[in-house]
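The block underneath contains the structure these notes are about, expressed in structure tokens.
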Amino acid sequence: MRHWTLMLKNDPVRRFIIHEGNTITIGRTTEADIVLDNPSVSRIHAVVELDNGENYITDIGSTNGTWVNGQRISSRTRIAGKDQVMIGKFQMVEGSEGLLDLDEQSRSIDMGGDPRTIYVPPKK
């Protein structure tokens, strides 16, 4: 399980947990698991996954690109907590202090009135 936060200008916008074997889509429309309503983000922009303990991100043909350490990626790319990951104007950083795993059936977690956290239950 890994915790990630999407930041815009040093402010957290969305937080999410990803479990081994799961994928999370990030995009501008409600078709995405994580919605970032910003013109720098494509409808379905990127996919984040945790596979064999390693984090990966894949750009899904976005207009503004997905960047890892200043390089635009065009295929599945392994990422670590120290990497600088950009999705449009949003920076993705590892970790989220205070994030809790709640009911496995839940899709969002109430963080003291903060509905900006997405929880995707582990695959059974």
Side-chain angles (χ1 to χ4, degrees):
M1 171 175 58
R2 294 287 166 81
H3 303 235
W4 292 94
T5 301
L6 289 159
M7 311 279 291
L8 182 62
K9 298 181 181 176
N10 296 320
D11 290 325
V13 175
R14 293 279 185 270
R15 298 177 180 101
F16 63 95
I17 299 170
I18 188 164
H19 289 273
E20 182 68 40
N22 280 24
T23 61
I24 293 180
T25 57
I26 300 171
R28 198 176 65 238
T29 70
T30 56
E31 297 169 23
D33 296 314
I34 298 176
V35 178
L36 297 173
D37 187 15
N38 185 284
S40 71
V41 177
S42 293
R43 288 175 25 83
I44 299 294
H45 195 106
V47 173
V48 179
E49 59 188 305
L50 181 59
D51 184 18
N52 290 319
E54 299 289 341
N55 291 281
Y56 294 90
I57 191 162
T58 306
D59 185 84
I60 309 296
S62 69
T63 301
N64 293 313
T66 301
W67 301 75
V68 177
N69 298 324
Q71 300 291 316
R72 188 172 184 158
I73 63 167
S74 59
S75 61
R76 184 178 189 233
T77 302
R78 189 170 59 136
I79 55 173
K82 65 182 181 346
D83 291 329
Q84 182 182 15
V85 180
M86 298 297 295
I87 299 171
K89 292 182 178 182
F90 295 83
Q91 181 178 8
M92 191 172 95
V93 297
E94 188 172 22
S96 186
E97 192 171 321
L99 189 59
L100 302 174
D101 261 331
L102 297 182
D103 177 13
E104 287 190 9
Q105 301 304 312
S106 179
R107 289 284 298 166
S108 64
I109 299 171
D110 180 3
M111 292 183 54
D114 181 359
R116 300 175 294 183
T117 299
I118 303 299
Y119 171 67
V120 177
K123 291 183 178 179
K124 302 275 184 200

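- Looking at D37, its side chain never comes within 3.5 Å of a backbone N or O of R28 through a donor-acceptor pair.
- Counted within 6.0 Å of CD on E54, heavy atoms from surrounding residues, nucleotides or ligands total more than 12; the atom is thus considered enclosed.
- Judged purely by atom type and a 3.5 angstrom limit, N55 has no side-chain atom pairing as donor or acceptor with the backbone of L50.
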Evaluation steps, salt bridge (Lys or Arg N to Asp or Glu O under 4.0 Å), between E20 and R2: CA-CA 8 Å; E20 182 68 40; R2 294 287 166 81; over 6 Å; no

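- Annotation for R78: atom CZ does not count as buried by contact number, only 12 or fewer foreign heavy atoms lying within 6.0 Å.
- No side-chain donor-acceptor contact under 3.5 Å links T29 to the backbone of I44.
- Between the S62 side chain and the G65 main chain, a donor and an acceptor come within less than 3.5 Å of each other.
- Remark: the backbone N or O of W4 is not paired with any side-chain donor or acceptor of R14 at under 3.5 angstrom.
- Within the 3.5 Å criterion, the main-chain N or O of V93 finds no donor-acceptor partner in the side chain of T5.
- Separation of atoms CD (Q84) and CD (Q91) is listed at 5.0 Å; rounding is to 0.5 Å.
- N64 has its side chain out of reach of V41: every pair of non-hydrogen atoms, C-beta onward, lies at least 4.5 Å apart.
- A side-chain donor from one of S40 and N38 sits under 3.5 Å from a side-chain acceptor of the other.
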